[in-house]
Amino acid sequence: MIRVLALACALASSGPVMAQDAVPAPAAPAAATAAPTADEIAAAGDAYYASLDTLRAELLAARAAAGADTARAVADVDAIVATYQARADAFAKRLRAFLAANPGMVPPEDVETALTQITRAPAMVRQSVMQAPPEAAPAS
């Protein structure tokens, strides 16, 4: 649990997420009846943060493929970010449920900071990719 919050804090204070080969996190179940366990949250957190590296790679590829067509780049990047935003929101919801079931584990102000960073992460990755100089399209 602390690892997940530490990752959220590290994300807030770090630079752009580095691209790595990672498997995107699966979508969270629509309705969980019981709060997730600490192990489930830790695994979901690891998968979520790994997915941010995949997000960055996908955004860089989409931007490069769009070339000088800024409107296409923005539309493609926004569509990709929307998918990852749904994952961020689902992970934050699961983490909130876990913390609600385990009161006193983390100070409330730290919880809100971590949840905010989790939900803002896809937009932060998008911003870093869109502010970087465009790269050439990858060879096919």
Side-chain angles (χ1 to χ4, degrees):
M1 178 64 243
I2 299 302
R3 179 174 41 167
V4 171
L5 292 175
L7 287 171
C9 292
L11 176 65
S13 63
S14 69
V17 178
M18 300 303 295
Q20 297 177 359
D21 293 333
V23 178
T33 55
T37 66
D39 288 342
E40 290 170 337
I41 285 296
D46 290 345
Y48 171 70
Y49 285 103
S51 78
L52 293 177
D53 293 329
T54 304
L55 168 61
R56 181 173 173 73
E58 288 181 27
L59 295 181
L60 288 170
R63 186 160 177 228
D69 187 346
T70 304
R72 177 181 164 205
V74 168
D76 291 350
V77 162
D78 286 348
I80 294 166
V81 169
T83 300
Y84 283 84
Q85 186 62 54
R87 294 176 188 171
D89 294 344
F91 175 56
K93 184 177 179 180
R94 291 185 72 201
L95 180 57
R96 184 181 296 281
F98 172 78
L99 293 172
N102 296 281
M105 179 178 259
V106 179
E109 61 276 5
D110 292 346
V111 170
E112 291 309 314
T113 299
L115 294 174
T116 298
Q117 291 305 317
I118 289 166
T119 58
R120 288 186 181 169
M124 292 168 55
V125 174
R126 179 198 185 283
Q127 181 179 10
S128 73
V129 167
M130 295 306 286
Q131 287 179 345
E135 298 177 9
S140 12

*Distance in Å, M124 CE paired with T119 OG1, rounded so as to fall on 0.5 Å steps*: 10.5 Å

*Any idea which heavy atoms bring T37 and E40 closest together, and the distance?*
N-OE1, 2.8 Å

*Quick check: does any side chain N or O of R87 sit under 3.5 Å from a backbone N or O of S51, one acting as donor and the other as acceptor?*
no

*Worked check of side-chain contact (heavy atoms from CB on, under 4.5 Å) between K93 and L115*: CA-CA 8 Å; K93 184 177 179 180; L115 294 174; over 6 Å; no

*For Y84 and T54, which heavy atoms make the closest approach, and how far apart are they?*
OH-CG2, 3.4 Å

*Taking the side chain as C-beta and beyond, is there a heavy-atom pair between L59 and M130 under 4.5 Å?*
no

*Which atom of A65 lies closest to which atom of R72, heavy atoms considered*: O-NH1, 3.1 Å

*Can you name the closest pair of heavy atoms from R94 and A44 and give their distance?*
NH1-CB, 3.6 Å

*asked:* Run E58 and D76 through side-chain contact (heavy atoms from CB on, under 4.5 Å) and show every step you take.
replied: CA-CA 10 Å; E58 288 181 27; D76 291 350; over 6 Å; no

*asked:* Taking the side chain as everything from C-beta on, heavy atoms only, tell me whether F98 gets closer than 4.5 Å to M105.
replied: yes

*asked:* Using side-chain heavy atoms (C-beta onward) and a distance below 4.5 Å, is R56 in contact with S128?
replied: yes

*Interatomic distance, Q85 atom CD to R120 atom CZ [nearest 0.5 angstrom]*: 10.5 Å

_For P36 against A97, the heavy-atom pair lying closest together_ = CD-CB, 4.2 Å

*In Å, rounded to the nearest 0.5 Å, how long is the span from CZ of R96 to CG of D89?*
11.0 Å

*Contact summary for L55 and P122, nearest pair of heavy atoms*: CD2-CA, 3.8 Å

*Give me the ring orientation class for F91 and Y49: parallel if the planes are under 30° apart, tilted from 30 to 60°, perpendicular past 60°.*
perpendicular

